[in-house]
Engineer: 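Here it is, the structure, as structure tokens.
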Amino acid sequence: MSIFAMQNKNIMDYNFVEVEKKWRKEWAENKTYQTSIKLDQPKCYVLDMFPYPSGAGLHVGHPLGYIASDIYARFKKLKGYNVLHPMGYDAFGLPAEQYAIQTGQHPKVTTDENLERYREQLDKIGFSFDWDREVRTCDPNYYKWTQWIFAQLFKSWFNNQSQKAESIDHLIMIFENEGNASVDAACAETPIFSAQEWSSKSEKEQSDILLNYRLAYLSESMVNWCPGLGTVLANDEVINGLSERGGHPVERKLMLQWSLRISAYAERLLQGLEEIDWTDSLKEMQRNWIGKSTGASLKFNIKHSTLNLEVFTTRPDTVFGVSFMVIAPEHEYVEQLTSDEQKAAVEKYVLAAKNKSERERMADVKNVTGVFTGAYAIHPFTGKELPIWIGDYVLAGYGTGAVMAVAAHDSRDYAFAKQFNLPILPVIEGGNIEKEAYETKSGKVINSDFLNGLKVKQAVKTAIWKIETEGLGEGKTNYRLRDAIFGRQRYWGEPIPMFFENGIPRLLDESKYPLTLPEVDEYLPTEDGDPPLGRAKDWKPENGDHYELSTMPGWAGSSWYYLRYMDPKNDGTFASREATDYWNQVDLYIGGTEHATGHLLYARFWCKVLFDLGHISFDEPFKKLINQGMILGTSAIAYRVNDTNKFVSKGLKDKYQTTPIHVDVNLVKNDELDLEAFKAWRPEFVDAEFEVEDGKFLCDEEVEKMSKRWFNVVNPDDIVLEHGADVLRLYEMFLGPLEQAKPWSTKGIDGVSRFIRKFWNLYHNSEGVFNIIDEKPSKEELKVLHTLIKKVQEDIENFSFNTSVSAFMVCVNELQKLKCNKRAVLKDLAIVVSSYAPFITEELWSLMGEKGSVTHASFPELNASFLVEDSHIYPVSFNGKMRFKLELPVSMNKKEIEEVVLQHEDAQKWLNGQNPKKVIVVPKRIINIVL
RNA sequence: GCUCGAGUGGCGGAAUUGGUAGACGCGCUGGAUUCAAAAUCCAGUUCUUUCGGGAGUGUGGGUUCGAUUCCCACCUCGAGUACCA
């Protein structure tokens with residue numbers, strides 16, 4: 001072929017570069033994806049978890065969920081829904097601030113740069129986002145409303161009777177009229193006071209009491225202090241005693257902190273899970289995190305003391321098996337209970353426990369430690385004396401910080417008893433207490449007075465009944481969920497709209513929001529140890545001493561952003577009631593599972609509060625949620641012969657002593673290393689030598705997290721550049737089920753590229769000229785088309801995007817075989833493919849002379865009559881093994897089929913003269929002959 | 001330890017309520033085209049075989065005419081959680 005002809009051939013091929021560029025521009029200019037409220041249309045809200053724009057940009061794993069949700073959103077649009085599909089940025093965060101500390105550059109500058117790069121990358125992939133609705137959490141017009149929501153939390157308390165948030169003004173009224181005796185609230189321990197006592201309290205005293213009730217409150221509490229980051233962290237930001245970001249050690253510290261009373265909502269957060277369509281694993285994670293357990297609280301008197309020790313137990317049925325008590329080293333009675341003889345030992349133990357970091361304490365789980373206080377509790381039923389010990393396996397923060405130890409039926413108590421030679425009293429039949437604790441929840445109770453002979457379940461009820469009637473305690477439910485610390489000693493976050501006046505925290509008037517982030521000279525704590533906001537000059541409230549210097553945590557802005565998308569420019573409210581009523585809950589939310597116990601719990605919490613206060617009409621934010629699996633990196637490994645600069649292909653590595661070296665995956669294609677590119681990659685490899693096999697240098701593979709460190713990061717831009725955005729979209733879906741974690745590998749991408757070309761060629765003749773005809777389609781062609789229509793709509797509703805791509809390939813292969821270029825078929829085909837591959841289909845749509853964007857077309861109606869077959873190819877099995885196939889008309893009944901099959905010569909061969917015991921015929925499925 | 005999820009060719013993965021295991025794609029093999037290569041097209045590709053078959057969806061049992069699918073026990077991997085009384 002001449003050079004001219006070759007160029008000509010290239011022109012004929014689908015030019016994705018030009019086509020994609022053209023439509024990107026058109027869509028942006030025409031605002032093709034702009035959305036507005038349309039009351040006559042059903043709505044559908046499709047949301048992605050919004051990204052934190054890191055400096056590294058997007059890698060190929062990030063868009064996976066965005067592509068899936070985009071396909072869903074586009075499909076719903078074609079199906080006649082009014083679809084809200086927005087995108088924005090969680091733009092406050094530590095990395096930008098760390099960078100600011102190092103460089104002195106304002107975090108806003110870096111954040112904006114990163115945002116721009118993200119936007120550029122996202123735009124290339126052809127998402128149908130309505131960018132007019134973009135939100136950024138660091139935008140004052142946005143965080144104005146984050147501050148406003150904080151104010152609502154501050155102005156509310158949780159009424160346990162009504163199980164909802166109510167106005168604090170109403171609570172103050174109750175206090176003024178009757179005191180707090182009748183108030184059943186989710187609150188910190190507060191002494192009972194009368195109306196009169198309330199009015200005689202000082203303003204500061206009243207303020208302090210109200211903080212015990214408010215949903216946003218300031219309290220002296222044990223926090224996860226991270227010296228490495230200079231800030232406190234929420235429980236879900238601490239992993240194995242180290243900070244989630246940066247991996248710095250975390251210690252326990254008592255600090256005055258803003259917290260949110262999420263624990264008040266524990267039961268509703270748990271119950272709400274029943275109504276929402278999330279994966280079981282995610283719901284399970286939230287259930288575990290909330291950690292509900294039921295049992296009883298029980299008071300033990302203390303010998304020679306007026307004190308009593310309250311414990312929480314889930315096994316009141318084993319109360320007669322209690323042989324000692326254990327309290328946490330931080331327990332408030334430690335000092336009072338300790339006898340003179342034990343004083344030295346206790347002090348030493350408590351001090352040691354206090355100085356252990358979270359991490360050390362966790363690492364030490366297997367070491368059983370403890371010390372005797374010298375005091376004894378009195379068993380409420382038997383009157384027996386029970387020694388009171390201190391042990392750090394008992395946690396101060398859970399239950400009452402004290403346990404009744406039932407060594408025979410609890411493995412931790414058992415280990416403690418063994419260690420210190422304490423008695424072990426079995427009270428449930430069975431088990432072998434010589435060997436281990438018997439933790440069964442079935443079985444019969446023994447050695448237990450009035451509980452004898454009862455089954456465990458019954459005994460639990462009876463024990464609680466007895467405990468309650470004797471006034472020893474009560475049935476009780478406990479939750480593991482802790483309140484969420486809401487302040488960070490950091491710069492780059494939303495200022496908390498509070499100021500202090502004579503030590504009293506006051507809410508900044510809502511008319512003054514947003515309280516904007518002040519400028520500071522350095523993004524570091526002050527010399528007095530105040531947070532960076534302490535550096536701001538002239539940053540003072542009008543009539544107070546100073547503003548709150550902490551900022552909000554990273555999850556503040558992301559706890560309600562889905563509401564702002566509904567009405568992003570509203571300056572009078574966080575989102576109009578019209579908008580929140582219309583768009584309502586998020587119908588489909590796609591994101592990673594890493595937010596299970598953080599963002600997803602906080603967002604549900606805020607939603608419930610806003611609902612309780614009457615600001616929105618629903619109390620669960622995300623109706624359906626899907627977790628996309630992580631895309632892992634496939635690292636490329638080259639083997640270097642030790643102490644040389646010589647590399648050997650993977651098949652030859654056993655001939656030498658070698659070290660595996662990570663090689664940039666972008667230098668490797670189908671395991672083969674581009675040697676020239678490799679030499680140019682880094683100076684130390686310039687004169688590397690290679691031993692090849694079959695003329696190729698092959699690398700090994702290793703699947704690990706996608707990270708710069710392993711040189712296995714693949715950038716979506718590069719894929720778009722080489723193959724086009726449609727191919728990237730299709731290929732990411734084709735990789736496998738959305739929810740599954742999978743390694744990225746470009747091995748199969750050529751197959752998808754080929755498909756796009758074949759698809760294009762259906763609409764073009766062999767000269768590359770657009771060519772479709774208006775002839776009536778054949779029955780067969782319609783069957784192929786409608787098989788696809790059925791498959792794709794089922795797949796999308798089931799979020800099985802990978803199988804749709806296969807279906808496209810099958811359909812295009814078959815239409816190619818049928819040489820079909822009929823408009824009636826190809827027009828519908830373009831619509832069906834368009835949600836997956838928007839660029840090429842938009843181009844074909846316009847080539848077909850259609851007006852407007854394919855986005856606004858209607859998904860073709862499935863006509864099932866095209867799928868009806870008049871014959872079926874039956875697999876004929878003998879004893880369940882398929883032996884031959886036989887085509888029979890579907891009109892045949894079972895009996896006729898049986899006769900025909902048994903007469904068939906292939907059947908005769910397998911029957912071999914025998915009479916079949918049984919013949920099973922399942923119409924339109926199989927025939928099985930049992931010998 | 002506990003909870004949840006997953007194990008299918010050389011690879012990514014298909015398989016409605018139990019009904020032809022391996023769709024589709026990659027890779028590989030052979031062929032066509034080409035001076036040659038790329039690209040493209042066609043055929044083949046689970047293993048095994050004495051070419052009749054036989055075995056086969058992590059392992060071992062079970063239910064069934066029939067099991068990747070349901071039940072029991074176990075193994076491996078991944079995720080979450082971790083003294084929560």
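Order of the sequence lines fixes the chain letters, A, B, ..., with proteins taken first and strands second; residue numbering starts at 1 for each chain. In what follows, every heavy atom counts, from backbone to side chain, and hydrogens, waters and symmetry copies are set aside.
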Engineer: Separation of A/Y393 atom OH from B/A85 atom C1', in whole Å?
Structural biologist: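 One finds 8 Å between C1' of B/A85 and OH of A/Y393, rounded.
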Engineer: Checking base pairs now: Watson-Crick or wobble, both atom distances under 3.5 Å. What partners B/U29?
Structural biologist: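 The base-pairing partner of B/U29, which may sit in any strand shown, is B/A43.
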Engineer: What interatomic distance, in whole Å, is found between P of B/U20 and the corresponding atom of B/G66?
Structural biologist: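 Taking atom P in both B/G66 and B/U20, they lie 15 Å apart.
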Engineer: From the list B/G19, B/C26, B/C4, which nucleotide is the closest neighbour of the side chain of A/I920?
Structural biologist: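 Between B/G19, B/C26, B/C4, the one nearest the side chain of A/I920 would be B/G19.
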Engineer: Identify whether any heavy atom of A/S806 sits under 4.0 Å from a base atom; if not, whether one sits that close to sugar-phosphate; answer base, sugar-phosphate or nothing.
Structural biologist: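 Here A/S806 touches the bases of the nucleic acid.
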Engineer: I'd like the C1' distance from B/G1 over to B/A15, given in whole Å.
Structural biologist: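 Going atom to atom, C1' in each nucleotide, I get 37 Å.
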Engineer: With under 30° as parallel and over 60° as perpendicular, where do the rings of A/F416 and A/W389 fit, or are they tilted in between?
Structural biologist: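 Perpendicular: the ring planes of A/F416 and A/W389 meet at over 60°.
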Engineer: Report the base-pairing partner of B/C70 (Watson-Crick or G-U wobble, both distances below 3.5 angstrom), or none.
Structural biologist: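 Check on B/C70: paired to B/G62, both distances under 3.5 Å.
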Engineer: May I ask you to evaluate whether A/N802 reaches the phosphate of B/A14, defined as a side-chain N or O under 4.0 Å from OP1 or OP2?
Structural biologist: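 Result: yes.
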Engineer: How are the rings of A/F755 and A/F759 set to each other: parallel, tilted or perpendicular (split at 30° and 60°)?
Structural biologist: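 Parallel: the ring planes of A/F755 and A/F759 meet at under 30°.
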Engineer: Where does B/G52 fall, syn or anti, if syn means a chi angle no more than 90° from 0?
Structural biologist: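 Syn conformation for B/G52.
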Engineer: Look at A/E284 together with A/R287 and state whether they make a salt bridge at an N to O cut-off of under 4.0 Å.
Structural biologist: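 A/R287 and A/E284: salt-bridged.
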Engineer: State which of B/C26, B/G25, B/C65 makes the closest approach to the side chain of A/F734.
Structural biologist: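 Output: B/G25.
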Engineer: Are any of A/R315's side-chain N or O atoms less than 4.0 Å away from OP1 or OP2 of B/A85?
Structural biologist: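 Result: no.
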Engineer: By nearest atom, which of the nucleotides B/G12, B/U20, B/G80 is closest to the A/P875 side chain?
Structural biologist: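 Nearest nucleotide to the side chain: B/U20.
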Engineer: What nucleic acid atoms does A/P737 come within less than 4.0 Å of, heavy atoms only: base, sugar-phosphate, or nothing?
Structural biologist: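 If one applies the 4.0 Å heavy-atom cut-off, A/P737 turns out to touch the sugar-phosphate alone, with no base involved.
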Engineer: Tell me which nucleotide among B/A82, B/C65, B/C26 gets nearest to the side chain of A/W289.
Structural biologist: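 Comparing B/A82, B/C65, B/C26 against the side chain of A/W289, the answer is B/A82.
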Engineer: Describe the nucleic acid contact of A/L735 in one word from base, sugar-phosphate, nothing, applying a heavy-atom distance below 4.0 Å.
Structural biologist: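 It contacts sugar-phosphate atoms only.
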Engineer: Can you check the distance between B/G10 and B/A6, where both ends of the measurement are the P atom (answer in whole Å)?
Structural biologist: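 Straight-line distance between the two P atoms is 23 Å.
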Engineer: Please tell me which of the listed nucleotides, B/G27, B/A82, B/U20, lies nearest to the side chain of A/K885?
Structural biologist: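 When the side chain of A/K885 is considered, B/U20 is the closest of B/G27, B/A82, B/U20.
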Engineer: Answer with base, sugar-phosphate or nothing: what part of the nucleic acid does A/R287 contact at a heavy-atom distance below 4.0 Å?
Structural biologist: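 It contacts nothing in the nucleic acid.
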Engineer: Quick one: is B/A85 close enough that its OP1 or OP2 comes under 4.0 Å of any side-chain N or O from A/S293?
Structural biologist: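 So the side-chain polar atoms of A/S293 do come within 4.0 Å of the phosphate oxygens OP1 or OP2 of B/A85, strictly under.
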Engineer: When the aromatic ring centroids of A/H904 and A/F884 are compared, is their separation below 6.0 Å?
Structural biologist: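 Yes: the rings meet the under 6.0 Å criterion.
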Engineer: For A/V810, which contact category applies under a 4.0 Å heavy-atom criterion: base, sugar-phosphate, or nothing?
Structural biologist: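 If one applies the 4.0 Å heavy-atom cut-off, A/V810 turns out to touch the sugar-phosphate alone, with no base involved.
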Engineer: Between A/N813 and B/G25, does any side-chain N or O lie under 4.0 Å from OP1 or OP2?
Structural biologist: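 Indeed, a polar side-chain atom of A/N813 lies that close.
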Engineer: Side-chain N or O of A/Q740 versus OP1/OP2 of B/G13: is the shortest distance under 4.0 Å?
Structural biologist: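 Answer yes for this pair, as a side-chain N or O of A/Q740 is under 4.0 Å from OP1 or OP2.
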Engineer: Taking for each residue the nucleotide of RNA chain B bearing the nearest heavy atom, is the 5' side occupied by A/K881 or by A/D413?
Structural biologist: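 The residue mapped nearer the 5' terminus is A/K881.
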Engineer: Just compare B/U40, B/A79, B/A15 and give me whichever is closest to any side-chain atom of A/T803.
Structural biologist: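 For the A/T803 side chain, the nearest candidate turns out to be B/A15.
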Engineer: With both distances kept under 3.5 Å, what pairs with B/A15, Watson-Crick or G-U wobble?
Structural biologist: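 Here B/A15 is not engaged in any pair, so there is no nucleotide opposite it.
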Engineer: Side chain of A/R754, heavy atoms from C-beta onward: which of B/C83, B/U40, B/C4 has the nearest atom to it?
Structural biologist: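 It is B/U40.
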Engineer: Using both distances under 3.5 Å as the test, list the Watson-Crick or G-U wobble partner of B/A79, or none.
Structural biologist: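 Its partner is B/U3 (Watson-Crick or G-U wobble, both distances under 3.5 Å).
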Engineer: Under 4.0 Å, heavy atoms only, any strand: does A/R883 hit a base, just the sugar-phosphate, or nothing?
Structural biologist: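 Result for A/R883 = sugar-phosphate.
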Engineer: Taking the six-membered ring where the residue is Trp, are the ring centres of A/W744 and A/Y731 under 6.0 Å apart?
Structural biologist: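 Yes, they do, as the ring centres are separated by less than 6.0 Å.
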Engineer: Can you tell me, in whole Å, how much space there is between the C1' of B/G78 and that of B/G52?
Structural biologist: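 Here B/G78 and B/G52 have their C1' atoms 45 Å from each other.
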Engineer: Looking only at the side chain of A/M809 (C-beta and beyond, no hydrogens), which of the listed nucleotides B/A85, B/A79, B/C24 gets closest?
Structural biologist: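 For A/M809, the side-chain atoms sit closest to B/C24.
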Engineer: Taking the P atom of each, how far is B/G13 from B/U64, in whole Å?
Structural biologist: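 One P to the other, the span is 35 Å.
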Engineer: Ignoring hydrogens and geometry beyond distance, is a side-chain donor-acceptor pair present between A/S635 and A/E704 at under 3.5 Å?
Structural biologist: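 Side-chain D/A pair, A/S635 to A/E704: present.
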Engineer: Using the P atom as the reference point in each nucleotide, state the distance between B/C24 and B/C35 in Å, no decimals.
Structural biologist: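 B/C24 and B/C35 have their P atoms separated by 34 Å.
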Engineer: Considering every strand and a 4.0 Å limit on heavy-atom distances, what is the contact class for A/K758: base, sugar-phosphate, or nothing?
Structural biologist: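 Sugar-phosphate: the residue A/K758, judged by heavy atoms under 4.0 Å, touches backbone atoms but no base.
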Engineer: Looking across every strand, which nucleic acid part, if any, lies under 4.0 Å from A/N928 by heavy atom: base, sugar-phosphate, or nothing?
Structural biologist: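 The answer is base, as A/N928 lies within the cut-off (heavy atoms under 4.0 Å) of a base atom.
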Engineer: Distance check, C1' atoms only: B/A21 and B/A67, in whole angstrom units.
Structural biologist: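 Roughly 11 Å separates the two C1' atoms.
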Engineer: Is it true that A/E905 and A/K909 have a side-chain N and a carboxylate O under 4.0 angstrom from each other?
Structural biologist: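 A salt bridge is absent here (no side-chain N lies under 4.0 Å from a carboxylate O).
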Engineer: Salt bridge or not for A/K783 and A/E869, using N-O below 4.0 Å?
Structural biologist: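 A/E869 and A/K783: salt-bridged.
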Engineer: Please measure how far the C1' atom in B/U45 lies from the corresponding atom in B/C11, and state the result in whole Å.
Structural biologist: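 14 Å, rounded to whole Å.
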Engineer: Of the listed nucleotides (B/U20, B/G53, B/C83), which one gets closest to any side-chain atom of A/K909?
Structural biologist: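 Of the candidates, B/G53 comes closest.
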